[in-house]
Amino acid sequence: MTENLDTPSGNGVPGTKTVLGIDHLQVTFATDSGDVHAVKDVSLELKAGEVLAIVGESGSGKTVTAKTILGLLPETATSSGAVLINGTNIISLSPARLRQIRGRDVAMVFQEPSTALNPVFTVGWQIAEGIRAHSGQGGGKRVSAKEAKERAIDALRKVGIPDPEHRVNYYPHQFSGGQKQRVVIAAALALNPGLIVADEPTTALDVTVQAEILELLRDLRGQYGTSIVLITHNMGVVADLADRVVVMYQGDIVEEAPARKLFAEPKQDYTRQLLAAVPHLGRNSASEGLTERRHQGGEVLVEAKDLTIEYPGRLGTPAFKAVDGVSFTLSRGEVFGLVGESGSGKTTIGRAIAGLNRTTGGSLKVLGYEMLDLRERTFKPLRKDIGFVFQDPAASFNPQLTIGECIAEPMVIHTRPSEAQARKRVGELLESVQLPASYAGRYPHELSGGQRQRASLARALSLNPRLLIADEPTSALDVSVQAKVLELFRDIQEEFGFGCLFISHDLAVVDILSTWVGVLYKGKLVEQGIGSQVMGSPQHDYTRRLIASLPVPDPDEQARRREESRALLGL
Amino acid sequence: MTTLIEAPPEDSDGLLPAKKKPSGGGLGQYILIRFLLIFPTILILVTMVFFLMRITGDPITAAMGGRLPPDQLQQRITAAGYDRPILVQYFEYLGQLVTGNFGTTLSDNRKVTEMLGTYGSATLELSINALIVALLVGIPLGMLAAHRRDHVPDAVLRIFAILCYATPVFFAGLLLKLTFSVWLGWLPVAGRAKTSTELALTSLQAPTGIYWLDALRSGNMAALGDVMAHAVLPAVALGLLTAGIFLRLVRTNVIGTLGKDYVEAGRSRGVSEFRLVTKHAYKPALIPIITVMGLQIAVMLGGAVLTEKTFEWKGLGFQLATYLTARDYVAVQGIVVLLAVIVATTNFIVDVVAALIDPRVRY
Amino acid sequence: ACTGPSGGGGTSTNGSGGSTITLGTTDKVVTLDPAGSYDAGSFLVMNQVYPFLLNAKPGSADASPDIAESASFTAPTEYTVKLKSGLKFANGHALTSSDVKFSVDRVVKIADPNGPASLLSNLESVEATDDTTVVFKLKAANDQVFPGVLASNSGPIIDEEVFPADKVMGDDDIVKAKPFAGPYSIDSYKKNELISLSVNPDYQGLLGKPANDGANIKYYADANNLKLDIQQGNIDVAGRSLTATDVADLEKDSKVKVHKGPGGELRYIVFNFDTMPFGAKTPEADPAKALAVRQAMANIVDRDAIADQVYKGTYLPAYSVVPEGFLGAKQPLKDLYGDGGKPSLDKAKKVFADAGISGPVTIKLQYNPDHYGSSSGDEYAMIKEQLEKSGLFTVNLQSTEWVTYSKDRTADAYPVYQLGWFPDYSDPDNYLTPFFVPGNFLKNHYDNADVAALIQKQLTTVDKDERVKILGEAQDAVAKDLSTLPLLQGAQVLVSGADVKGVETTLDASFKTRLGVISK
Amino acid sequence: MSTTEAPVPVANPRSSFFLRLPVVSHVRQSVGLQRGMLIMGLVLTAVFLLTALLAPFIAPYGFAQLSDGDGNFPAQQPPGGKHLLGTTVGGYDVLSRVMWGTQTALLVIIIAVVLSIFAGVILGLVSGYIGGWLDRILVVVADAIYAFPSLLLAIVMAIVISGGQSSLFGGVMAAAISITVVFIPQYFRVIRAETIRLKAEPFVESAKVVGASNLRIITRHIYRNATRTLPLIFTLNASEAILTLAALGFLGFGIEPSSASEWGFDLSKALADTTSGIWWTGVFPGLAIVWVVLGLTLVGESINDLNDPRLRGRKRANRKAPAASPAADAAPGPDTESSNP
Ligand SMILES: Nc1ncnc2c1ncn2[C@@H]1O[C@H](COP(=O)(O)OP(=O)(O)OP(=O)(O)O)[C@@H](O)[C@H]1O
Ligand SMILES: Nc1ncnc2c1ncn2[C@@H]1O[C@H](COP(=O)(O)OP(=O)(O)OP(=O)(O)O)[C@@H](O)[C@H]1O
Ligand SMILES: [Mg+2]
Ligand SMILES: [Mg+2]
């Protein structure tokens, strides 16, 4: 990147100095329902210039550990053990001393860049704020506003923001998602801390952007020898960046190993399970070995021809074309996987098929009904043949109704069964998605995320639909849970034989389920074909980039792919 | 009309760049449409008041009902034209309004525009004073409560806030008056100035009607002191009412933003708690605060009626109540138009500021 | 002769004055233009700044020449006034008979809805025969009330070079043009907030040169603030609408003096002869029984109790339709009903028994809480209590907001209801003609030809003693019929700072507050 | 959620219907000072309600009673003896009037709030759900009314309505209806905003997808969720109703003393007393107003804070087990103050 700064080793090889040492850390939260032991016993060590990944499923204590490193736990938490940063124990520090350490010795990068930046201050101000908070400390000289800004510009330059002198006065919303994350990293770098704690720094980003950020982090480590604690649940990211991996489970460290070793020969059962659950592009593909499109003889459920969908602009702004001239068909029994980055129009297409969005051009025939002139009254009879599974299982249930009532609703509307019939059918449906029938009496919030998504599937299936639309049905779930839901999904699809539009931004997930895959880019369907072929030998430039950006959970393979993608992206 | 109008753009300079956002292309149009919406608002209120007032009776009966025989009364009503078809009167009135002719009050024979000017400036002064009190009290205490949330100071401040709101302005005013004027004798009981001050101020060239401004201009320090002394109690009585609401508003929103990642991010960079509350959390919290403060103007004007009566502050609100009793259609309609303009304009400005801040806001 | 309880006579404390005085009031000015106002608040200011042909000397209620040299009936229908010579307005314009004609004609011509034109209903025409002589031609002969009318709301003389002839003028324009020729002229004017008056050196009239250097009138919206301000010495005199509690409290305060004078305000109950119990239009119509109901009520009401408890002596019991202090006033109800002013349950019971009424009579009693002072509620709650305690009545007490009230009462909606009266001018007839002749403003269907004849007769009786006699007869006759039941008579109350002099001088039955007599 | 199948420890809704009632569940949810404030509010409110219900039995005299067996009550008698809180200038017993005043206040609250909820909720649901021109017009009208100082509107309405009415019923209705007119736009706004928000919620969309009719969606899915905030608005508006009623009384547009006892009216009548050292006629009605408004507002604000995950007390941290929080996120507590118009 730019010229070397005043940092030590510049070759990406971990040094010997210990930057961070955690010793028997224990964190407990006091809550109404008793104490929550979020972190039970964590010990680890981090050398200068090393990247340590902490992985584990949701709630395993990753974030709490990260926050402890900066002393950011809320009042309700009590912690014991030691967290040593350059030899200073964070746990016993006074608030004032703690403030000195934060930002100077250790900095943090957050998951969601748009929320980590204050929308009402310029990025320059926010970066300078950290610099000035430390100015004059410990006898150092005060930093003037101008000087602070200079240093903010430097930091922005370091993270590759173009034209930083100018951009320093921009507000966060004037940056793209990836740039925002760069700004957050710049803010963390402003005082050249030896250690950066990054809590899921790429989870909110598209894969292509994620690849850039990972590249940046690697550069930082390489150029300035910054140590990084990388928290993530994405094994691909781990494989891409980490030197060493710590696996957490319910507040404990279950395994710690160098990255290569962990992926190659996981010791613990839990780690093995975790790795097995991670979808891996090219493995376990539904279209393995297919050479031509299946189910073509069957009834065509959805047929889109030059489909265009526009969102009206508000108050005079021109309409926004979210879907632009898309053509495809979906037949009975087929799983059509639709992939694309955020905002590419996937959801819009799915909603249009379900009659939730109006189409504005071209033709979209759903079960033979032309959606262009959609009338709720004439379309209603067809609705019993369409099921819909939403992304967020929590939000798709009416919090006031029990699971049973929710599942029975389609029946009540279309077939008006007796109460006993309905109850029986609900029980059957629950069992078919592997939930106990007794769950019918529970309220949505009394189920876990995975359970809720199963119930949501049961509801979608209640009238034996011919067509199912699943909009990112697993993206809100943990990998292990996702694996189970996907498996269930596949079984049920085989059993019921409905046609399915499966929407996801995760190529690997789509690959597991669908035989026919379409790639959407800025509202256009740039490529469609048999899953394994699209993934294996992408034709369109964008598809190629997409696939190249996707980190695979295997350090060696990922290193190879990285070289390839560098070449592809012209880096 | 009050400082609320000026406040948002100043305080939200950080928010203005939203204009440059591409989606703000329609912002100009949004502002225009939102601006045009002021007129239906006024029309609706004027229409409502026009018809409501006429249901309630006429000014002549109100003034002469106890003195004149019914036939004479009727004669006068006919002469004044109040028994013509109501729609004729309505359109005639609208016609006058459009030409900017607000008419002459029926019960005390003054030009409505001049009457609005006199009382409007009094109410304006009261509102400004009260707003200053409300802001001075509400915002710092709200931040303090947010900072010390769920601790004793927070609970005390919240109860204080509720008490501010729960105590009717006139009751609070009465207690204040008894304490500070009657018992302690520190402050005057009522009115806007002493007779001598008032005479001194009326002799001023082109008085603004805002006394402290006039006093300042006249350079008469005794007068200024007198005006200030008179302003204290009404401003406190009305200001506290709003201060309670502001306090709670600031507390809620600052707590909300304190939980945001960007505050945590600031903390992770070593920014002090004080700065986190007063800068990082407060400024974004200002957005909803400004919106609600804009709506608060209606509450303030309502409270002003009571304050004005309690403290002999001859302003719009109190005058409206008087004119209503006299069924002075012309005066009431005039005041309603003015109030509607004030409120609608304030809300318009607040909405526009909100839109500048957050393009997702629609009407 | 008119005898106000204040007596004393008008010693205008000349010359002793020094500083300006400030009067605080809750009254309001409708307009300074005499043609456009007919209310006490406007009249208060007019009394200070406009000259009158006839006016009442402080301490007296009699109309005597003010800027006139003489005024008298020169023929039964001709009232001739001769002006003093060399009169002029504060703006320098001369005041001549043509100004007088202009002033009076204008009131009639404009006939503003809020104006006093109705007072001049007996006027045929006005003529200015020369520069200083004006002749009023009247419709009815020997109108004894006419001098009083000239001293009332319709009487201020204004400058014809300033006022437009056909429409009411705005206050600020009036003040700018200074068409004032009364004891004071207006220096600065903030409507219904503050008026500052300076002495008009050219005034030569009856009221004399003011005892002070100038005066301010300060307006209050709330009587309570008025009271606090007089207590704290921010104003010198406080007048009107102080509540009974305030007055009682002020009487205990050594820093202020409370002055009481005769009051013209009369509070009374009106009976609608058609709709009251046993009234003409009711199913069980029976004039005798209806009369019995009225008489029983007159026997039962305890005026002293109301005056003491609710009004703390700021009102006095009234035993006639003409309040005490007016020419010829007597107290027929004291003799006819109750026990010498005290209520008498026995008499009431007897009246019922004689008329053959058994069991309690239900009365729908209506009052208005916002026009006659906020104590009306307490007053009528007490009347209800008194009537019901007798066991002869059950009272259904109702109140209605003023405008509706004014409409409904003349529409026969209220069988028995409250009203109050404040005189237009200081003459007993002002309590008779408007009430008891056919076509009166009560519209209560009371019609007694004898009473009407008596009233007509006193109006034109030139001899004073004779008139007093007829006035007495009229009062007796009305008291027997009980078209209305007089309850209370108001006192004028002015409160002044302890060092303020001359206040009592202006508290007479003319009901005119003359600032000129007050000084400190 | 640590594992997929881990059920969340939440009370079984069937067995504990009582515990799921709005206020009860809030008390259980609250902690520390927040609970203290909620309970304080509940106690104040309960005293108010009990007094209103029991006024005929516990008030020493009638609200318009001026005498008893021993003769007329003396006027302006200081507190003590037969009249615990003294008497007014008209001779009313202050204690009795304060007690009876609770009935008037309660009646006005109930009528005003019920009427406005009824109208406001229906209008809000329909307008928010159907949208289009109807929505625009209703919004403009509601905004116009809402924007206008509510007290002044109430005065106008009081004049319109009160013509000819002064009985308890007439007076109370006049006050209640004038307050209703002021409140309808508030409910309308809140419910409409909620409806619009809920309309885009996946659970409503999922009902749409299965073909539920508009009526069914409004009544079954939106109505219950949109009105979850009503207890809160109810308490806040109830206190506002009291203040409006009191202000009307203070300005002389209230209910006459012989028709009912009304604190604002009594207080305005007592102004003269108060400055004459007769403090008891004004202070007690004034305190009664403060009492009730304080109680209701405390309840309302506590509920509001408890409904809002951001504001819920955290002294001893009250984060539900993670599986529960998505449900809370799905329908976050109402934030009547910071919601945009
Ligand atoms: N402020 C808090 N109060 C109470 N419990 C908490 C708090 N913060 C976290 N916890 C609990 O601590 C445990 C660990 O949470 P943590 O946020 O570290 O999980 P995580 O591994 O980061 O999960 P995710 O991948 O979902 O971010 C969880 O059970 C969580 O509910
Ligand atoms: N209601 C709407 N009004 C206007 N524009 C919209 C609306 N909904 C979506 N869009 C825009 O349409 C485009 C496609 O959105 P869509 O939700 O279909 O994307 P997506 O592919 O599902 O993305 P994600 O992976 O983030 O869910 C985006 O640019 C989005 O901003
Ligand atoms: Mg986490
Ligand atoms: Mg999507």
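In what follows, chains are A, B, ... by sequence order, proteins preceding strands, each numbered from 1.
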Which atoms of D:L267 are under 4.5 Å from chain B, going by heavy atoms: the side chain, the backbone, both sets, or neither? side chain

Greatest number of heavy atom pairs closer than 4.5 Å to chain D - which of B:I335, B:L175, B:L306: B:L306

Structural part of B:L320 lying under 4.5 Å from a heavy atom of chain D: side chain

Rounded to the nearest 0.5 Å, what separation is found between the CE atom of D:M37 and the CZ atom of B:R158? 4.0 Å

Can you tell which of B:V182, B:L178, B:I42 has the highest number of heavy-atom pairs within less than 4.5 Å of chain D? B:L178

Below 4.5 Å from any heavy atom of chain B, which atoms of D:L296 appear? Answer side chain, backbone, both or neither. neither

For chain D, find which of B:F171, B:F170, B:Y165 contributes the most heavy-atom pairs closer than 4.5 angstrom. B:F170

Checking heavy atoms, do the side chain of B:M53, its backbone, both or neither come under 4.5 Å from chain D? neither

If you count heavy-atom pairs under 4.5 Å with chain D, which of B:P40, B:A340, B:A155 comes out on top? B:A155

dist D:T297:OG1 -> B:I159:CD1 (nearest 0.5 Å) comes out at 11.5 Å

Nearest heavy-atom approach of D:L243 to B:P168 is CD2-CG, 3.9 Å

Measuring heavy-atom distances to chain D, does B:L324 have an atom under 4.5 Å in its side chain, in its backbone, in both, or in neither? both

Roughly how far apart are D:S302 OG and B:I162 CD1, rounded to 0.5 Å? 6.5 Å

Which atom of D:V290 lies closest to which atom of B:T167, heavy atoms considered: CG2-CA, 3.9 Å

